[in-house]
Visitor: 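Let me begin by handing over the structure; questions about it come next.
Convention: sequence-line order gives letters A, B, ...; per-chain numbering from 1.
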2 protein chains.
Amino acid sequence: MLAFERREKILSTLYSDKKVFVAPLASTFNVTEETIRRDLEKLEREGVVTRNYGGATLNERTSEDLPYQTRNTINLEEKRVIAQLVPPLIKDGSSIMADTSSTVYEALQVLQQSKDHLTIITNSVSILQDFAFSSFDVFSTGGSLRKNSRSLVGPSAIRSVQQYNVDAAVVSCKGISMTQGIMDTNEPEADLKQYMQNQARQVILLVDHTKFGAVSLVKTFPFEQVDCLVTNKKPAEEWLDFFGQHGIDIIFPS
Amino acid sequence: MLAFERREKILSTLYSDKKVFVAPLASTFNVTEETIRRDLEKLEREGVVTRNYGGATLNERTSEDLPYQTRNTINLEEKRVIAQLVPPLIKDGSSIMADTSSTVYEALQVLQQSKDHLTIITNSVSILQDFAFSSFDVFSTGGSLRKNSRSLVGPSAIRSVQQYNVDAAVVSCKGISMTQGIMDTNEPEADLKQYMQNQARQVILLVDHTKFGAVSLVKTFPFEQVDCLVTNKKPAEEWLDFFGQHGIDIIFPS
DNA sequence: ATGTTATGCTCGCTTTTGAACGAAGAGAAA
DNA sequence: TTTCTCTTCGTTCAAAAGCGAGCATAACAT
């Protein structure tokens, strides 16, 4: 048995048991404990494990092996809380429009584990990239590639969106305000979002608590179009009243 | 046994066992360990394996690593030779259709360094991904995401391609034959390629020497449509005659 | 003929491993 | 808490295996 094989086996033990011990490893591989220690030392240098007295434990997922989107996401915890609330709203086999937001991305990651089959129509390059090997049917809107946000926008994307009628549009935004409505930072994406909303039987808006009352550049679509709003903590009473008046189902962790 | 045969056998061992060892390979092929090491070195340069002390392991596609296209490419050296020949064919400021092939991907990498501004229309997710921060204007065709090749295909992609008229289509294929024409392995991509060719003033075909005489499943478009063919080594005389008869400029390293 | 590629061979360097021994840590006993 | 004992660790040395660079040779292509 070669050194790298042994280290691979140690790693696979680590993945299943989360921890390993020097002495038993030494006897199973018929090498001295010194050798095992050196193996663990190497794995530690690579950042895979943390050594401790008598053995080593697996490092939980470092940010390196997470997908691009998740790596660069701020307020990731809040977004994951929201993502966990989405599956009950979506029926198996549904068709969904998804925008470029990281909250929607995380929601799709959760849906991937809880649904057998979904059809996703998106203008997000990250979703195309990371769900290429999923069980989803994925369609791209096409369009002009908008730098820095890796979204596809423009007239071509809009025409494309209009071809589809879907069960739900799952979208996010940059800010919501009772007087100004639902807002985004840039025109092309806000524009496209409006068309997405238009083609969907049900509109699900995902917004974390930092978006409440935040004002942003461009208005997208009015609250009347929203069927369901998912957020990460219970909003203030006036917001609950406001959503009630507009017939919006509001969902937050109990 | 020829060198490339040996490397192919090593590769097939790798695909079944995930790893190989220097010493046993040397004895089964009756060559020195030096030779095996050089084989593995070459495979490592191509991004197929990772070498370790005493052997090498197959690189698994974790799907999250960045240069997916490049890692997955075999004969990368040949493709890069071809890529180097492309810039003189493209004028600064041109618009280009690019397909999903790894040769075209490499050509775009080279163009990025030698041209100020280009407009790229593509059905490749990898290109969207990796050129999002380039100086190119990138447009996606949209369409249905084809798993495993990460290409966008289908009627929606075709409609989209027909919207554009470009200076050049830069495409590759799986095989060319004097009797069968230009061929590909799958229908959706072959189909789209035909429409790409149709919208371009100039059609540039990139093919490495392994494609000559190779027969594949689906015919794409006839040789009459090709304006320029770029390859990595001088083709046989009969091919040169053949290209001459069809008015195709042939380009290879001098 | 000339250049390129594949291969083998040699030599010095690096990696791996085991063995030995003192240092450091953990847990039980005082 | 302090001390004692046993285990575990780190360091060092030496031997063995693997490796890379350079050179020479043969086959092949141009």
Visitor: Rounded to whole angstroms, how far apart are CG on A/Leu25 and C1' on D/dT8?
Guide: 14 Å
Visitor: Distance-only, no hydrogens or angles: does the B/Ser95 side chain make a donor-acceptor pair with backbone N or O of B/Val166 under 3.5 Å?
Guide: no
Visitor: How many Å lie between CD on A/Glu33 and P on C/dG25, as a whole number?
Guide: 18 Å
Visitor: Taking the side chain of B/Arg51 as its heavy atoms from C-beta onward, which of C/dG18, D/dG20, C/dC9 lies nearest to it?
Guide: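 Of the options given, the side chain of B/Arg51 lies nearest D/dG20.
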Visitor: Give the rounded distance in Å between these two atoms: CG of B/Asp39 and P of D/dG18.
Guide: 17 Å
Visitor: In this structure, how many angstroms lie between the P atom of D/dA21 and the CD atom of B/Glu41, rounded?
Guide: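 Distance, rounded to whole Å: 7 Å.
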Visitor: Does B/Lys211 come within less than 4.0 Å of B/Asp208, counting only side-chain N to carboxylate O?
Guide: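 Looking at B/Asp208 together with B/Lys211, the answer is yes, because their closest N to O distance falls below 4.0 Å.
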Visitor: So, are A/Glu106 and A/Lys79 salt-bridged, with charged N and O less than 4.0 Å apart?
Guide: no
Visitor: Calculate the interatomic distance between A/Leu40 atom CG and C/dT17 atom P; express it in whole Å.
Guide: 13 Å
Visitor: Heavy-atom nearest nucleotide on DNA chain C for B/Arg7 versus A/Thr35: which residue maps closer to 5'?
Guide: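 Upstream on the strand: B/Arg7.
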Visitor: Measure from CZ on A/Phe4 to C1' on C/dT17 and round the result to the nearest Å.
Guide: 16 Å
Visitor: Check this for me: does the side-chain of A/Tyr53 come within 3.5 Å of the base of D/dT8 through a donor and an acceptor?
Guide: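 Indeed, a donor on one side and an acceptor on the other fall under 3.5 Å apart.
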Visitor: With nearest nucleotides of DNA chain D determined for B/Glu34 and B/Lys234 from heavy-atom distances, which residue corresponds to the more 5′ nucleotide?
Guide: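 Comparing both residues, the 5'-ward one is B/Glu34.
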Visitor: For A/Asn30 and C/dT16, what is the distance between atoms CG and P respectively, to the nearest whole Å?
Guide: 20 Å
Visitor: In whole Å, I'd like the distance from the CG atom of A/Asn52 to the C1' atom of C/dA24.
Guide: 15 Å
Visitor: I'd like to know if the side chain of A/Ser134 and the backbone of A/Asp130 have a donor-acceptor N/O pair within less than 3.5 Å.
Guide: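 Not a single qualifying donor-acceptor pair exists.
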Visitor: When you match B/Val22 and A/Arg37 each to their closest nucleotide on DNA chain D, which lands nearer the 5' end?
Guide: A/Arg37
Visitor: Salt bridge or not between B/Asp92 and B/Lys115? Use side-chain N to carboxylate O under 4.0 Å.
Guide: no
Visitor: Ignoring hydrogens and angles, does a donor from either the side chain of B/Arg38 or the base of D/dG20 sit under 3.5 Å from an acceptor on the other?
Guide: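 For B/Arg38, whose side chain was compared with the base of D/dG20, there is no donor-acceptor pair (under 3.5 Å).
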